[in-house]
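Just so it is clear, the values below take in all heavy atoms, side chains as well, and ignore hydrogens, waters and symmetry mates. A note on names: the letters A, B, ... follow the listed sequences, proteins ahead of strands, and every chain is numbered from 1. Quick caveat, the model's predicted, so the values are computed rather than measured.
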Amino acid sequence: MSVVAHLEEHALDPQLELAELTEAARGDGAIVTFVGLARPENRDGAHVDALVLEHHPTLTRQSLEDISVACAQRFDVSHVRVVHRCGTVPAGEPIVFAGATSLHRRAAFDAADYLMDRLKTEAVFWKREVGDEGSTWIEPTAADQAGRDRWG
Amino acid sequence: MRILLHGPLGQAIAREVEAAVAAGTKVGDLRRRLGTDHPLAEKVLGRSRVYSEGCFRDDEHVLSGSEQIEFLPPVSGG
């Protein structure tokens, strides 16, 4: 079992991350991944130029590691890989890559789902959307919290 | 004492402030003082966790005066 949890200050390349995970997955039968993108519009339909993710110098990395390790311990997976941006992410660009590999697909699907539900509510970031009207801070939605609550 | 303020608190107040604290001052005292000095940030201050020297602190923690204190608002998540 291996866990990679990485905070990326520059552009995130999902293809590269998938290649790394695929290389690690030799012998497994399933790879499931998720890529989150910075949307060009917010929930109210207003235009967004970029997402800014402020982080903590130690707690952010720790939160990514804690969530990834918890995932690896909970599900029958061989590899977990989480790479998360910080800083300014222009609309349309990737924010996060989360993936898992397993012998059979169910564990990998559940692991990726779990990773995102926990990252969306517990990863130590303070996010704001920057657009024509200035910037607005973001908090997890009720849907995000409901997703998190599914896992106990 | 050096106080670091993250996320929306950093925008509302400042990323970093210096404050003199008397002996025996608790985290809760400092939290209330900051809220009084910056009323627009009071609500977020009330919901923020406090972190110093590698540990999260509750409002009863007595400040040393020389430690660095951080106020962490509720996270946005990833």
[X], [atom1] atom: more than 12 neighbouring heavy atoms under 6.0 Å:
| X | atom1 | answer |
| --- | --- | --- |
| Glu133(A) | CD | no |
| Arg150(A) | CZ | yes |
| Gln15(A) | CD | no |
| Asp76(A) | CG | no |

Are [Y] and [X] co-members of a hydrophobic cluster defined by side-chain heavy atoms under 4.5 Å apart?
| X | Y | result |
| --- | --- | --- |
| Met116(A) | Leu12(A) | no |
| Ile95(A) | Phe125(A) | yes |
| Val4(A) | Val77(A) | no |
| Trp151(A) | Leu115(A) | yes |
| Leu72(B) | Leu5(B) | no |

Legend entry - For the student: nearest non-hydrogen atoms of Gly78(B) and Ala123(A), plus distance: N-CB, 3.9 Å
Legend entry - Minimum-distance pair of heavy atoms, taken over all atoms of Val75(B) and Pro140(A): O-CD, 3.3 Å
Name the region of [X], side chain, backbone, both or neither, that has any atom closer than 4.5 Å to a heavy atom of chain B.
| X | answer |
| --- | --- |
| Leu59(A) | side chain |
| Thr60(A) | neither |
| Leu119(A) | backbone |
| Val96(A) | neither |
| Ser135(A) | side chain |

Legend entry - Any donor-acceptor pair under 3.5 Å from Ser76(B) side chain to Ile138(A) backbone: yes
Legend entry - Backbone N/O of Pro73(B) and side chain of Trp126(A): donor-acceptor pair under 3.5 Å: yes
Legend entry - Leu4(B) portion near chain A, given a 4.5 angstrom heavy-atom threshold: neither
Inset, instruction - Could you go through the side-chain contact (heavy atoms from CB on, under 4.5 Å) check for Glu54(A) and Arg15(B) one step at a time? - result: CA-CA 12 Å; Glu54(A) 297 186 10; Arg15(B) 294 287 167 209; 3.0 Å; yes
Inset, instruction - Determine the interplanar angle of the His56(A) and His6(B) rings, folded into 0 to 90°, and report it as parallel if under 30°, tilted if 30 to 60°, perpendicular if over 60°. - result: tilted
Inset, instruction - Could you tell me whether the side chain of Val44(B) reaches within less than 4.5 Å of the side chain of Trp137(A), counting heavy atoms only? - result: no
